[in-house]
Peer 1: 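Please find one structure pasted underneath; my questions will follow.
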Amino acid sequence: MCGIVGYVGQRPCSELLLGGLERLEHRGYDSAGVALLAADSTALRVRAVGGIAQLRETLQRHPQRAALRTARTGIGHTRWATHGRVSEDNAHPLTDDRGRVQIVLNGIVENHAELRARLIAEGAAFASETDAEVVAHLVARALDHDGLAEAVRRSLATLRGHFAFVVASPEQPDTLVGTRRACPLVIGHGEGERYLGSALVGLPDALTGAQALDDDEVATLEADAVRVLDRGGRPARTRRLALGARIEQATLGTHESFTLAEIAEQPRALRRTLRAAPSGPGLDELPWVQLCAARRLTIVACGTSYHAGLVGRLLLERWAGLRVEVDIASEWRYRDPAIAPGDLVLGITQSGETADTIGALRTARASGANVLALTNVPGSQVTREASAVLLTDAGAEVGVAATKTFVTQVALLAALARQLGIARGTLPDAEAERLGDELQRLPAVAEAARAAAEQPIARAAERWGRAPFFLFLGRHVGLPVALEGALKLKEIAYIPSDAYAAGEMKHGPIALLGEGTPVVCVATQSPVLDKLRSNVAEVRARGAHVLAIATEGAAGVIADEADELVLVPPTDPLLSPIPAVVPLQLLAHAISSARGLDPDRPRNLAKTVTVE
Ligand code: F6R
């Protein structure tokens, strides 16, 4: 969360910084700002509430816009508010009370309250409600004795939390200093110029090289040189990043939103992800000896990735005979999960940066577990935490709500489960072959699901789009899909919704149902379809209106119970989440659009959740 960029070099940099912030805007869009060091070594700071478009407008109207345009050192920030409401005062860059440093920070300074109290007692005057401002004051004070890099290194020792920050000072106008702890920060090299950024995607295309910083390393950048010191002040060896590993930004095409473009792109994303099937990309790299010998696997993830993990559990249990536990990363890491040396822990995170998932994997590794990662972003933080990495190839997902990354995660988990089933001898040859064919058919199945859903979903959105509440029901493999459908509706259409295991409904949530309450039932083929039919009848008997997602040729009694029926093409029942989620994504999008909302940038959310 929050995107940061920095530039030092020979070119005017305001446009370079704005371009970088635009590419990082999915990390937060509450406010944005830049600080530029002008030729006369004064720092010019411009901030605006809203996104980069608002910042651009403010810059264009700025009385010192000419000086701003010529600056050759600068930093920028796009904010997702953690401490302090959304306001210009709380927008970054932040500065100390003597204007000696400008800083942009991503993450959280956990001991900010005690540091603030101490600094105030020493006479500091604070201008924002943020946790990050303490860093500006600390670094500025350390500048009394040290240069900028040493001031940052000293300040770092007093900070607790997880963060990355970049500092510029008019006292050293040709230098930028950056550091990180558990939040990402990368260095980019160009001809006579250097960059810092939260992710490679925020840096320009024409880089000649890139490096990743490790925890508590401090990088000093000048136009022609980079020096990195470890926390003890000794020269550090940084890791090179492969520039080819960058994933492309999507284009909108003729679609009304990126979210809709990405829903439409799912068949291609699946095809790319499965192109090396039946083994699947990255599967060859896995520690097969440990996987085959393993008695259990723990999956940790957040949000939509957690829902993919729930599908993965069913796949791995059924096809590979593996005992699988799935947990929300932010819960699991603070429990006592009794992980032992040799246990397998898989983190699923499309961004590869989610703080809680990474924290959970670190906990697992510290207990001696074998750590695996499944992500969509090559070179992301999670790829550095894991001993083996599975890569989906969904391309960059611009819409904040996950769509194509979910289906590719499920497909890759299925490829893994199948391969593991073969290796462990739990899948007979003929069954393995049939499932291999089913995996290959998934792109076509997803495409057909979208075509079949468009009209009934448009009718459903028209009919129920103003409902104050939706209930989603599913059982077995339908439950993660129901959870995902409800999450999408909350996220992009802001409609309160709940998802429940259909068999559990009568233990409470059935009390929510009244005449005309919309209930979405994920009733695709599953081993418990008959049981689900009874649950749907119970819902109808209470006057609820049913939108059923069912499998073509197997809709049976569900069709009679449904007020609106969406048929999706058949596939193996455990792969049905891929076609079944498509109508639910479209439903959330259609309602969001009808309510005049921006589905790509839902309020309060960010694409990359780097705070715990
Ligand atoms: C939902 C959504 C979020 C993410 C969650 C985890 O549409 O996008 O719930 O799934 O923040 O993100 P990753 O997968 O990047 O760890």
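Numbering of ligands and ligand atoms starts at 1, following listing order. Atom set for the values below is all heavy atoms of this structure, side chains included, hydrogens, waters and symmetry mates excluded. Computed from a predicted structure; not experimentally measured.
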Peer 1: Just one of Thr363, Thr357, Asp356 clears the side chain to side chain donor-acceptor pair (under 3.5 Å) bar with Arg333, so which one?
Peer 2: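 It is Asp356; the other options fail the test.
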Peer 1: Which residue and non-hydrogen atom of the protein lie closest to atom 10 (O) of ligand 1, and at what distance in Å?
Peer 2: Thr304 N, 2.9 Å
Peer 1: Looking only at protein heavy atoms, identify the closest one to atom 14 (O) of ligand 1 and say how far it is in Å.
Peer 2: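 I find the closest protein heavy atom is Ser305 OG, 2.6 Å.
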Peer 1: Think Arg595 forms a cation-pi with Tyr494, using NZ or CZ under 6.0 Å from the six-ring centre and within 45 degrees of its axis?
Peer 2: no
Peer 1: Between Val400 and ligand 1, find which residue part has any heavy-atom pair under 4.0 Å and reply side chain, backbone, both or neither.
Peer 2: backbone
Peer 1: Under a 4.0 angstrom heavy-atom cut-off, which atoms of ligand 1 come close to Ala401?
Peer 2: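 What qualifies from ligand 1 is 7 (O).
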Peer 1: Given the rule in the side-chain hydrogen bond (donor to acceptor under 3.5 Å, both in side chains) test, do Thr571 and Glu438 qualify, once you have shown the distances and angles that lead to the verdict?
Peer 2: CA-CA 7 Å; Thr571 178; Glu438 289 295 334; 3.0 Å; yes
Peer 1: Could you tell me if any non-hydrogen atom of Thr375 lies under 4.0 Å from any atom of ligand 1?
Peer 2: no
Peer 1: Can you tell me if Gln350 and Thr405 form a side-chain donor-acceptor pair at under 3.5 Å?
Peer 2: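 Side chains of Gln350 and Thr405: no pair found under 3.5 Å.
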Peer 1: What side-chain donor-acceptor pairs closer than 3.5 Å can you find for residues 297-307, not counting sequence neighbours?
Peer 2:
residue : atom : partner : partner atom : Å
Thr304  : OG1  : Glu484  : OE1          : 3.0
Thr304  : OG1  : Glu484  : OE2          : 3.1
Thr304  : OG1  : Lys488  : NZ           : 3.1
Ser305  : OG   : Gln409  : NE2          : 3.0
His307  : ND1  : Glu484  : OE1          : 2.8

Peer 1: Can you tell me if Asn90 and Thr130 form a side-chain donor-acceptor pair at under 3.5 Å?
Peer 2: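 Distance-only check fails for Asn90 and Thr130.
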Peer 1: Between Gln350 and ligand 1, does any nitrogen or oxygen pair lie at a separation below 3.5 Å?
Peer 2: yes
Peer 1: Nearest protein heavy-atom contact for atom 11 (O) of ligand 1: which residue, which atom, what distance?
Peer 2: Val609 CG2, 3.7 Å
Peer 1: In the protein, which heavy atom is nearest to atom 5 (C) of ligand 1, and how far is it?
Peer 2: Cys302 O, 3.7 Å
Peer 1: Just one of Glu262, Arg601, His589 clears the side chain to side chain donor-acceptor pair (under 3.5 Å) bar with Ser257, so which one?
Peer 2: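 Of all the options given, the one that passes is His589.
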Peer 1: Measure the distance from atom 12 (O) of ligand 1 to every protein heavy atom, then report the residue, atom name and distance (to 0.1 Å) of the closest one.
Peer 2: Thr354 OG1, 3.5 Å
Peer 1: Quick test: of every protein heavy atom, which one is nearest to atom 15 (O) of ligand 1, and how far off is it to 0.1 Å?
Peer 2: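 Going atom by atom, the protein heavy atom closest to atom 15 (O) of ligand 1 ends up being Ser351 OG, 2.6 Å.
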Peer 1: Among the heavy atoms of Lys488, does any lie under 4.0 Å from an atom of ligand 1?
Peer 2: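 Flag set, Lys488 near ligand 1.
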Peer 1: Among all protein non-hydrogen atoms, which one is nearest to atom 2 (C) of ligand 1, and what is the separation to 0.1 Å?
Peer 2: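 Checked against all protein heavy atoms, atom 2 (C) of ligand 1 sits closest to Glu491 OE2, 3.5 Å.
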Peer 1: Going by distance alone, is a donor N or O of one side chain under 3.5 Å from an acceptor N or O of the other, for Glu256 and Ser593?
Peer 2: yes
